[in-house]
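Numbers restart at 1 for each chain; the letters A, B, ... are given by sequence-line order, proteins then strands. It should be emphasised that the depicted structure is a prediction, and the values quoted were computed from it without experimental measurement.
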2 protein chains.
Amino acid sequence: MSRENLKNIEKQISAYKHGKVPKELRIAQIVLTARTMFAQNGYTNSSMDELAKRVKVSKPVIYELVGSKDNLFKMILTEAGQELQERIQNAVDQASSLESKLKAGGLAFFNFVKEHRQLWLALFVNDQGLFSKDIALIRKEQSDLVSNLIVSSNAFENSSLTYISGIAHALNGAYEALAIWWFDHPEIEPETLANWITELLLPTDLPLNR
Amino acid sequence: MSRENLKNIEKQISAYKHGKVPKELRIAQIVLTARTMFAQNGYTNSSMDELAKRVKVSKPVIYELVGSKDNLFKMILTEAGQELQERIQNAVDQASSLESKLKAGGLAFFNFVKEHRQLWLALFVNDQGLFSKDIALIRKEQSDLVSNLIVSSNAFENSSLTYISGIAHALNGAYEALAIWWFDHPEIEPETLANWITELLLPTDLPLNR
DNA sequence: TATAGTAACCTACTTATAGTAGTTTACTAC
DNA sequence: GTAGTAAACTACTATAAGTAGGTTACTATA
């Protein structure tokens, strides 16, 4: 991602006196500018008119070069997805044991998110603002339910509330992701899915508490 | 959710000859019609003009009664969130052991999703179509990476590929959800988060394989 | 039974934004 | 210096959220 940086490109562009900039350079400028804009405002709250203003070019130029708002977003999404993928893959490859691979992969992921917080949010999670607070509230309630379950089970009796809250959210995310995956495997019964996650967390041949 | 059903309400409405229907009844009709529309087309692809057509009323009536498109969506989202919450809570309360509570809660969740597939997707996951395929592709790649990790570790050697794929998606969902939760706890280090999930899956005082 | 008040509803607009048709400008090759 | 073309522009259309201001029909009271 950002193999070229925006400053660099704009410096090159400033060499063209009368504003007629080669296609590829202009595309790079547009995509990078759009990435910042999407990160700041999300997809819906970003407009192509504003993008045109930021790039200091008229709208048809943008449409000529990147096709559509959708397509522009997809380009940015795909590129970021690829970089994320590569970084995780490299991290996993360089570790040896299962445990260290899991740690390294997770670390690579969280570092990526840390470096690109706003962008990651805008690309992979939600469309800036609109309902994120409402969904966050619902998730929080679900997670509180799970937190209570964990606490009352004494499974994590020496753990901090922060840790338990985080784990509860992670667990909810697992259920949610499995439900999304389920759309492509509709023949599976709800009971089966519930068992999968339960057994993942509480292997039947192991004591429940630790 | 849908404490009243649409047919019922429209039957009551048809009693009013000249189309002047009491506020509350009209609101119920609008909300239920909108719920169907959002489930079919998602938020962005649903228009208030179409809603007005479906309800057979002019647009200002709808704005008078539900305020805005945002607000309408939030009403539906919140109500669905509450029902989901209640169903999981009831299921958990009625079970006794930690394991049975996890199973029952999970089952309640997956049953809810099964009963309201399209609506659940539209409300909690994404905005119909636009980028869901692109994000799904990225998730699939991440999950394949995790699947390979799982397979090569021999941790699940007797498991079907379908199961492994599902678990991999669930695991990715856990990372993603934890990253979202992280926005409210920015002081935590990436290493810490990576360790949390690793230890959840591979408790250090237990053998790695089972 | 006439009429005042109001709840429910309407037509016709404004504003914002994605996307396009058709034209103009400046650099390049001969 | 002129022809061709790449890069850019102005000015439009279409769709959709949201609103201003007016109309209709039911209800209560004289």
Exercise. Are a donor atom and an acceptor atom from the side chains of A:Q89 and A:D93 found within less than 3.5 Å of each other?
Worked result: yes
Problem set entry | Student check: side-chain heavy atoms of A:M48 and A:L51 closer than 4.5 Å | yes
Exercise. In whole Å, what is the span from the CG atom of B:L65 to the P atom of D:dG18?
Worked result: 15 Å
Seminar exercise, completed: Between the CD1 atom in A:I30 and the CG atom in A:L72, the distance rounded to the nearest 0.5 Å is 8.0 Å
For this session: Write down the distance between CZ (A:R54) and P (C:dT17), rounded to a whole number of angstrom.
Result: 13 Å
Problem set entry | Side chain of B:S68 - closest among C:dC9, D:dA8, D:dG18 | D:dG18
Problem set entry | Exercise: do B:Y63 and B:N71 side chains pair donor with acceptor under 3.5 Å | no
Exercise. How close or far is atom P of D:dA16 from atom CG of B:L72, stated in whole angstroms?
Worked result: 16 Å
Problem set entry | Closest to side chain of B:Y63, choosing from C:dA8, C:dT25, D:dA17 | D:dA17
Seminar exercise, completed: Of the listed D:dA16, D:dC9, C:dT17, the closest approach to the A:V57 side chain comes from D:dC9
For this session: In whole angstrom, give the distance that lies between atom OH of B:Y43 and atom P of D:dA17.
Result: 8 Å
Exercise. Quick one: are the ring centres of B:W120 and B:F112 less than 6.0 Å apart?
Worked result: no
Problem set entry | Closest nucleotide among D:dA16, D:dA8, D:dT10 to the A:K20 side chain | D:dA8
Exercise. Is there a Watson-Crick or G-U wobble partner for D:dA30 with both distances under 3.5 Å, and which nucleotide is it?
Worked result: C:dT1
Problem set entry | Length of the line joining A:I62:CD1 and C:dA18:P, which is rounded to integer Å | 10 Å
Seminar exercise, completed: In whole angstroms, the gap separating P of C:dT17 from CG of A:D70 amounts to 16 Å
For this session: May I ask you to say what B:S58 touches in the nucleic acid, namely base, sugar-phosphate or nothing, with a heavy-atom cut-off under 4.0 Å?
Result: base
For this session: Looking at every strand, decide which applies to B:T44 at a 4.0 Å heavy-atom threshold: base, sugar-phosphate, or nothing.
Result: nothing
Problem set entry | B:R26 side chain near C:dC9 phosphate (N/O to OP1/OP2, under 4.0 Å) | yes
Problem set entry | Side-chain donor/acceptor contact of A:K59 with base of C:dT20 under 3.5 Å | no
Problem set entry | Distance in angstrom units between A:N41 CG and C:dA16 P, rounded | 16 Å
For this session: Starting from C1' on C:dT6, measure out to CD on B:E64 and report it in whole angstrom.
Result: 13 Å
Problem set entry | Parallel, tilted or perpendicular: rings of A:F131 and B:F73 (30°, 60°) | tilted
For this session: Please work out if B:P22 contacts a base, only the sugar-phosphate, or nothing of the nucleic acid, heavy-atom cut-off 4.0 Å.
Result: sugar-phosphate
Seminar exercise, completed: The nucleotide from C:dA18, D:dA8, C:dC9 with an atom nearest the side chain of A:V61 is D:dA8
Exercise. Between B:S47 and A:P60, which has a closest nucleotide on DNA chain D that is more 5'?
Worked result: A:P60
For this session: Would you indicate what B:K69 reaches in the nucleic acid, counting non-hydrogen atoms under 4.0 angstrom: base, sugar-phosphate, or nothing?
Result: sugar-phosphate
